[in-house]
Amino acid sequence: MSIGHTLLGLLESGPRHGYDLKRAFDEKFGHDRPLHYGQVYSTMSRLLKNGLVEVDGIEAGGGPERKRYAITDAGVTDVERWLATPEKPEEYLQSTLYTKVVLALLTHRNAGDVLDSQRSEHLRSMRILTDRKRHGDLADQLVCDHALFHLEADLRWLELTAARLDKLRAEVAE
Amino acid sequence: MSRGRWAGDLAMGARFAFTGGREGWIRALLTGVGVGLGVALLLLTAAVPSILDTRHQREAARQDYLLSPAKIPAADDTVVVAHTDTVWHDQDVRGRLLQPEGAKAPLPPGIDRFPAVGEMYVSPALADLLKSSGTGLLHERLPGKVVGTIGDSGLIGSHELAYYAGSEHLAPLIGKASVERIDHFGDTSDQGSEPLDPVLLLLVLMVFVVLLTPVAIFVATAVRFGGEQRDRRLAALRLIGCDGGMARRIAAGEALAGSVLGLAFGVGFFLAGAQLAGSIELFGISIFPDYLTPSPVLALLVAVAVPATAVLVTLFSLRRVVIEPLGVVRTSGPGRRRLWWRLLLPLLGLLMLAPMIGKGNSGGNFNPYLVSFGVLALLVGITALLPWVVERVVGRLDGGPVSWQLAVRRLQLSSGTAARMVNGIAVAVAGAIALQMLFSGVDADYTKSTGKDPSRTQMEVDLGSATAPDGIAGKLRETRGVRQAVALSETSFAGRPAGTEDTVQIMVGDCTALRELVKISACRDGDVFVSSAAFADPASRKLMTPGHTVWVDPTYSGGTKGVEARWTLPAELGRAQVRKDALRTDLTGLLVTPSALPAKARPSLSSSVYLLLDPKVPESDATEEVRTAALRAAPLANVWTWQSTQRSTRYDTIRTGLFVGAAAVLALIGASLLVSQLEQLRERKKLLSSLIAFGTRRRTLTLSVLWQTTIPITLGLLLAVVVGLTLGGVLMKMTAVPLRVDWPSVLSMTGFGAAIVLAVTLLSLPALLRLMRPDGLRTE
Amino acid sequence: MNAPAAPAGSLLTAEELRKAYGPTLALDGAGFSIHPGEVVAVMGPSGSGKSTLLHCLAGIVPPDSGSIMYAGREMATMNDAERSALRRSEFGFVFQFGQLVPELTCVENVALPLRLNGTSRKEAEKTALDWMRRLEVDDLAKKRPGEVSGGQGQRVAVARSLVTGPRVLFADEPTGALDSLNGERVMELLTDAARSTNAAVVLVTHEARVAAYSDREIVVRDGKSRDMERAV
């Protein structure tokens with residue numbers, strides 16, 4: 001999962017302090033693994049260096065780092081590209097996909113498109129596996145089936161998510 | 001098992017009959033309507049005795065002629081009645097002139113006071129007829145203006161044409177025309193109607209058996225509507241823990257509920273039909289709605305038998321079905337049907353009929369039970385034979401176009417269903433064919449020759465002895481449409497004025513009239529001739545001796561006093577050869593020109609005017625003109641139209657009854673065919689849509705539906721013809737009528753059956769076309 | 001979002017299809033295109049309009065508006081008889097269920113499309129048997145559909161869909177009622193047979209593992225189609 005893209009995405013709704021960013025991330029995506037402050041600062045400085053964010057202002061009289069970050073146009077493009085790029089089909093990528101879907105919703109992009117392109121990417125892999133299976137021996141078939149079933153599970157989850165997008169949109173928006 | 005559980009299962013089944021969404025309602029409605037139509041027909045049948053009885057009672061209550069020869073003297077409780085019946089374009093009009101002779105004179109039923117002279121009470125139907133245009137000649141015939149309506153109690157049917165008119169100089173005519181003095185209306189001598197002769201009884205029995213058997217079969221089919229859905233539902237009940245017995249009881253409850261609904265529908269249809277029956281007229285017979293009162297015993301029988309049949313049929317159809325929790329298993333499997341036991345029933349029927357062969361001509365009686373059950377066994381035997389025939393024949397069919405293949409294969413897979421569908425039609429047609437044969441055979445017996453020749457004369461105006469014929473013949477001759485009118489009068493003479501039985505006929509007419517009877521060259525007024533057909537016995541011969549003195553219209557021993565006119569026969573009596581085509585065939589005495597007879601003898605003459613009509617005037621017009629002219633000239637005249645044959649009207653009624661009944665039953669069965677056809681089509685909705693999807697022509701599917709009905713119907717009709725001809729043959733043997741096949745009626749009955757198939761196919765076409773729309777493929 | 005203009009060499013192309021069933025808009029500007037020998041999966045959630053798209057493409061139901069070009073001919077202007085004839089001779093169909101005539105034997109079912117085209121019965125059943133052999137169900141020839149398993153029945157249906165040598169095969173959830181092993185075997189046989197005759201296959205499915213037998217997929221959602229290959 002790309003923390004950089006996620007934080008960028010969170011900045012799209014408006015400039016935030018590093019502290020706010022961490023809180024928003026933890027709330028939406030952190031679940032049982034909250035983000036360390038250090039991670040936030042190192043990521044933000046990398047993004048700053050790459051010109052994807054800029055410092056919007058510094059709050060006076062506050063704690064050690066009260067910088068407020070805002071996303072640049074380059075940042076927005078980067079988020080867009082990231083969302084449009086399907087993940088390489090592999091096991092346990094739901095968390096990344098989930099993040100993408102939620103971010104798409106948060107940034108008012110079409111979450112269905114995210115799902116469709118991901119499905120397309122999965123199918124590409126499945127076609128290769130299916131073809132291998134058809135021309136391979138039994139061992140090949142078993143190995144391919146294992147992979148196929150996992151990929152199918154991803155896609156099922158995707159379909160289910162797609163079907164629940166409306167509900168998710170409502171929850172995310174609150 | 002406690003009684004409560006039983007009731008619970010039945011009640012659950014009853015609930016299932018009506019629940020189950022739209023499908024369930026439609027099924028319940030179809031069953032209800034189907035059973036209802038059957039019940040209505042059964043109730044109608046149960047009401048037939050009451051119809052006949054009520055009509056008979058009404059008729060008896062207004063009877064206005066004396067059954068005993070004794071005459072009643074005038075008193076203040078007597079009334080003189082004259083019969084002035086007429087005919088208006090083939091419709092009988094009952095006419096009566098009434099002359100009350102005192103304050104206590106009896107009123108006929110249906111009117112509350114006597115019409116004054118020049119007044120008339122008419123039946124509602126006659127009132128309507130008189131209001132219609134083109135009835136001018138009828139108006140002229142009726143003696144007075146309408147002042148009131150005859151009540152229902154005075155009429156035997158809603159469409160009867162009748163009137164009562166007031167009159168004042170009837171009394172002198174008593175005995176001379178159809179004029180009588182009576183002191184009460186109604187037949188008090190409880191002699192009842194004459195019993196039906198055995199052949200007529202056989203016919204009536206046959207009509208009932210032939211009509212009711214298909215109705216019973218129809219009811220049995222109707223309660224099976226939606227059978228496959230029910231089986232699936234029962235399987236689902238087994239899955240949640242019903243045992244086999246419970247499932248059967250639930251099925252019985254369902255059938256029971258459907259048939260009870262059908263009973264309710266049936267009563268509704270019957271009552272509606274009774275109202276309708278009051279407003280229509282069939283074969284010249286109309287009735288009042290209240291005639292249609294089913295006899296309580298028969299009605300009760302219907303109310304018990306229909307639900308019982310429904311339950312029995314259901315249990316019977318489940319006999320070889322094992323309802324498993326996961327579906328319905330038919331244990332019969334593809335086992336072939338066996339022939340031998342299916343032949344038992346028809347053979348049994350023949351066996352029961354056999355002992356009565358030839359009973360008809362010896363005046364013997366048929367055992368009505370043996371006849372009914374024998375015929376029933378033969379007809380029901382069809383329903384046993386047909387599945388076997390269909391299975392065998394369809395099993396051999398193969399080849400042909402796609403539509404044919406689709407139909408044949410379907411029939412092969414479910415020949416039983418197909419046979420069940422046409423059972424009713426086959427039974428109805430077989431029965432109708434047998435009856436038609438019997439009718440055409442008995443036809444000769446019941447169509448009597450009248451001995452009259454319509455080419456010599458077409459109408460006769462019977463004046464009785466009340467009116468002298470001369471002036472009337474002249475008036476009639478001038479009537480439009482009349483070409484010739486001759487008057488003939490008749491009386492008799494004896495050798496003594498009274499106390500004798502030996503009399504000789506006198507036929508009086510002018511020379512023109514006499515020439516219509518006999519070949520005579522010379523004839524002058526005053527001549528007297530002896531008929532060549534005169535009695536050969538010496539006593540009569542002696543009476544016709546020239547110059548002999550005789551008495552015209554003698555008083556018979558014990559009879560009313562005649563005019564006893566003394567007459568000396570002329571010295572010369574010519575001999576007259578009777579024409580082969582004489583107007584009268586009963587010339588057994590003297591032929592006399594008018595002035596040869598003494599004036600004193602004139603009142604004894606009974607006269608008729610014989611008319612030849614002008615072929616240039618339409619016969620019905622001329623007929624009405626003559627009737628009108630005759631009635632105006634002689635109000636009490638009877639006008640007859642001559643026909644060469646006369647058919648027993650009772651026989652006619654049975655025949656038309658059969659036609660209408662058979663048509664109604666076939667239409668009813670057609671309705672049930674349509675219902676099951678539609679049900680089948682609905683079940684195949686998906687299949688039809690997918691066949692259409694891969695490019696099947698609609699024509700192909702339509703044709704296959706047509707074949708699917710046509711094949712079993714054809715087989716059913718063939719079997720029906722065989723059984724019908726056999727039964728007809730046996731019945732003709734029973735009535736000792738020479739065996740003859742009435743092919744036109746065989747063809748018309750089978751044609752009727754075939755028409756039903758065509759109609760059913762045509763009517764199911766819209767549904768078929770709708771189901772063939774590709775929308776059927778939509779599942780989302 | 002909508003399919004672009006018909007690509008060169010495409011056999012069946014649809015543009016801007018709209019179809020409403022009563023108040024429900026089943027198709028709302030959907031497009032489609034397929035080449036000879038191509039297997040295209042039509043995917044999408046239930047009720048998205050993918051079956052309606054198939055029915056329109058196959059000329060079973062006419063769209064309310066839009067264009068469907070098949071082999072250079074506009075199907076929207078054809079009448080019902082012409083479209084039926086097209087379905088009989090150029091198209092093949094496999095549905096999820098309810099498609100075999102229960103009274104006919106399997107070989108008669110397979111021969112049915114040929115018979116509808118006027119082929120004699122003997123010849124039709126001979127060709128039918130050849131196809132049943134290719135789909136490994138020739139031993140069921142004399143059995144009725146009710147006597148064979150679901151997988152066998154579906155193979156019979158596939159044999160029937162291919163017996164006329166169609167140029168386009170329409171398959172609507174062909175494995176929907178089968179277990180995975182049977183379903184995969186049916187898909188293998190179906191795609192092999194289609195490829196060997198260079199037939200195009202329009203495969204409506206919601207199962208990814210079935211869609212994996214396709215060359216590419218389009219997604220239908222809310223009556224709109226999305227061609228994934230071109231979108232990426």
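Each chain gets a letter, A, B and so on, in the order the sequences are listed, and its residues count up from 1. Because the structure is predicted, anything quoted here is derived from the model rather than measured.
- No more than 12 heavy atoms of other residues, nucleotides or ligands sit less than 6.0 Å from atom CD of E123(C).
- For W388(B), there are no ring pair (Phe, Tyr, Trp, His ring centres under 6.0 Å) partners, not counting sequence neighbours.
- Annotation for R73(C): atom CZ does not count as buried by contact number, only 12 or fewer foreign heavy atoms lying within 6.0 Å.
- Using a 4.5 Å cut-off between non-hydrogen atoms, the part of residues 157-164 of chain C that approaches chain B consists of R160(C).
- Crowding of W707(B) atom CH2: a count of heavy atoms from other residues, nucleotides or ligands under 6.0 Å not exceeding 12.
- The backbone N or O of I692(B) sits less than 3.5 Å from a side-chain atom of R87(C), completing a donor-acceptor pair.
- Residue pairs that meet the salt bridge (charged side-chain N to carboxylate O under 4.0 Å, His left out) test with at least one member in residues 137-154 of chain C, sequence neighbours left out, are R133(C)-D138(C).
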**Message:** Could you walk me through whether V101(C) and R409(B) satisfy the side-chain contact (heavy atoms from CB on, under 4.5 Å) test, starting with their C-alpha distance in whole Å, then the side-chain angles of each, then the deciding distance to 0.1 Å, before giving a yes or no?
**Reply:** CA-CA 10 Å; V101(C) 182; R409(B) 286 281 186 269; over 6 Å; no

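- For a residue to count as touching a neighbouring chain, one of its non-hydrogen atoms must lie under 4.5 Å from one of that chain's; by this rule L691(B) touches chain C with the side chain only.
- With a 4.5 angstrom heavy-atom cutoff, T696(B) touches chain C via backbone and side-chain atoms both.
- Between L687(B) and P102(C) the shortest side-chain heavy-atom distance falls below 4.5 Å.
- Taking each heavy atom of F95(C) and A693(B) in turn, the nearest pair found is CZ-CB, 3.7 Å.
- By the neighbour-count criterion of 12 heavy atoms within 6.0 Å, atom CG of D222(C) is sparsely surrounded, having that number or fewer from other residues, nucleotides or ligands.
- Using a 4.5 Å heavy-atom cut-off against chain B, the contacting residues of residues 109-122 of chain C are L112(C), P113(C), R115(C), L116(C), R121(C).
- V408(B) is not listed as a side-chain neighbour of E103(C), based on a closest heavy-atom distance of 4.5 Å or more.
- Rounding to the nearest 0.5 angstrom, the gap separating the CD atom in Q412(B) from the CG atom in L104(C) is 9.5 Å.
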